[in-house]
Number of protein chains: 2
Amino acid sequence: MTTRKSWQIIHDELRGRIIDGIWQPGDLIPAEEQLAVEFQCARATVNRSLRALADSGLLDRRRRVGSRVATEPSRYATLKIDIIRLEVEQRGAKYRHVLTERAQVLAPERVQYRMNLNDGTELLYICNLHMADERPIIYEERWLNPVVLPGIFDVNFSAISVNEWLVRNVMFTRGDISFCAANLTEREAQLFAAEVGDAAFVIERMTWQGEQCITSVRLLHEPGFSMRAELI
Amino acid sequence: MTTRKSWQIIHDELRGRIIDGIWQPGDLIPAEEQLAVEFQCARATVNRSLRALADSGLLDRRRRVGSRVATEPSRYATLKIDIIRLEVEQRGAKYRHVLTERAQVLAPERVQYRMNLNDGTELLYICNLHMADERPIIYEERWLNPVVLPGIFDVNFSAISVNEWLVRNVMFTRGDISFCAANLTEREAQLFAAEVGDAAFVIERMTWQGEQCITSVRLLHEPGFSMRAELI
DNA sequence: ATTATAATTATGTATAGACATATGAAATGG
DNA sequence: CCATTTCATATGTCTATACATAATTATAAT
């Protein structure tokens, strides 16, 4: 009885009961008050445990009704999106990026639509090749909205990567991300020293500040790349 | 002053200060005690707000030190992995799946290794084609470990999809998921009525019960498929 | 029978106070 | 000067109590 991080202990114990099938999906589990008696602790402590279990999708909780084991535990995968440089350096490789393109242009209609730009705002268009130990691993194609990024045209993106600059300089209020696959075009294949048509993993990301889109980016990964995450 | 879900309100207020740049990345924010004074509430309430901010990656908290705005806010994407049937039906389409293969076999060495099977356990190998309104959308290739799935050989997987059966019948203790892209083989292209070599989005998932792998699955999505998620 | 109202109840949240724990900084000793 | 110990402090957690809120159930009114 040295330390008693009760809420964690209770959490693990209850989780065990669910995993071991002592409490089956759909079952109503005892009320907080009863569990508090069982575990000799305050209801608040049980509450915290149950809240954690509900957060991880194992319980469905409703006032006046109680907590029941989720019948269809929708499973969540949480992906940590790192700055590419950090990811590379964590693998012990040397990071470098090359600015391959930079222009002040009107975005293609498709991009304008997605970024919710109805006026004819000229965006900063930037392409970067990210490399680990001189091997190209990601080709980044990005549109930046100068309206929400004052001074963006003056930044030297050879010294710092766009993503890193953004992460350090602007906070976004929301964002979305999507994953898909694409066949490499001739030009892209050259960048990766791969074959035309090779399947590449693509991440498209948009970040917003209120109603205004800050940036839209397409990350084309080298063929063979695979992104891992834990299921919770 | 009707309702005062204080911790949420405080959470949002503090989040605003970070997003608006009032507190910059790296800044030490006031201690819980001080914030409690400012917001006229108990320290526990502030604590809950700060904990939520830390959970979402906006704050780094350390005892004796305080809470500072994360300098390199690694961003998290939470993906909800739905049962395919539900996903299809939610889009208003008719779901159907076809069992294309079923065998009791030794898994390929690569799969055995990943599933941590050192003995010569024969697995249940099952392939399924998932369809929305009769259009094939996902080709599922799966290995199931009968050791942790007693009775698995008796289940009729034409009636219920494997994933759905698993979700309803076994709890896993941990799992991992990875995303990549693959070129369609000739056989796969036929299934999707697509071209050989078309890039397809692939999800590979493994779930574990303790040290034993329950199942390993590869979900090959139709070319053009894109998976969306919110950034938090 | 149907609808409106009140009572009941499990969870949700807030609070003050206490102790636990990690850790930076200061004091101490070699 | 460096290593060790002590101390101070912000966060982490627990408790008992109280009230809020949602949702079911019982009751009353139409």
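Just so it is clear: chains get the letters A, B, ... in the order the sequence lines come, proteins before strands, and each one is counted from 1.
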### Result of checking B:Glu89, B:Gln90, B:His130 against B:Tyr95 for side chain to side chain donor-acceptor pair (under 3.5 Å)
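Among B:Glu89, B:Gln90, B:His130, the one that satisfies the side chain to side chain donor-acceptor pair (under 3.5 Å) with B:Tyr95 is B:His130.
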### Message
Quick check on side chain to side chain donor-acceptor pair (under 3.5 Å): which of B:Asn163, B:Thr215, B:Asp176 does B:Arg205 satisfy it with?
### Response
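Of the listed options, the one satisfying the test is B:Asn163.
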Which nucleotide, [options], lies nearest any side-chain atom of [X]?
X	options	result
A:Val65	C:dG12, D:dT24, C:dG24	D:dT24
A:Trp7	D:dT11, D:dC14, C:dT11	D:dC14
A:Arg51	C:dG24, C:dT21, C:dT13	C:dT13
A:Ser67	C:dT8, C:dT11, C:dA14	C:dT11
A:Arg63	D:dG12, D:dT15, D:dT21	D:dT21

### Query
How would you label the contact of A:Ala44 with the nucleic acid (heavy atoms, under 4.0 Å): base, sugar-phosphate, or nothing?
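Touches a base.
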Between [X] ([atom1]) and [N] ([atom2]), how many Å, whole number?
X	N	atom1	atom2	result
A:Arg61	C:dA10	CZ	C1'	9 Å
A:Gln34	C:dT9	CD	P	13 Å
A:Gln40	D:dA16	CD	P	10 Å
A:Phe39	D:dT13	CZ	P	18 Å
B:Glu33	D:dG12	CD	C1'	14 Å
B:Glu32	C:dA16	CD	C1'	15 Å
A:Arg68	C:dA10	CZ	P	13 Å
A:Asp55	C:dT11	CG	P	15 Å

Just N and O in the side chain of [X]: are any of them under 4.0 Å from OP1 or OP2 of [N]?
X	N	answer
A:Arg48	D:dT13	yes
A:Arg62	C:dT11	no
B:Asn47	D:dT13	no
A:Arg64	D:dT21	no

### Side-chain ion pair, A:Glu32 and A:Arg61, N-O less than 4.0 Å
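Salt bridge: yes.
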### Message
Both A:Arg43 and B:Thr45 contact DNA chain C. Taking the nearest nucleotide for each, which residue is further toward the 5' end?
### Response
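It is A:Arg43, whose closest nucleotide lies nearer the 5' terminus.
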### Query
For B:Val88 and B:Ala132, which heavy atoms make the closest approach, and how far apart are they?
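That closest heavy-atom pairing would be CG1-CB, 3.6 Å.
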#### Entry: Residue pair B:Ser216 / B:Arg114, side-chain donor-acceptor N/O under 3.5 Å
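Looking only at side-chain atoms, B:Arg114 and B:Ser216 do form a donor-acceptor pair, the distance falling under 3.5 Å.
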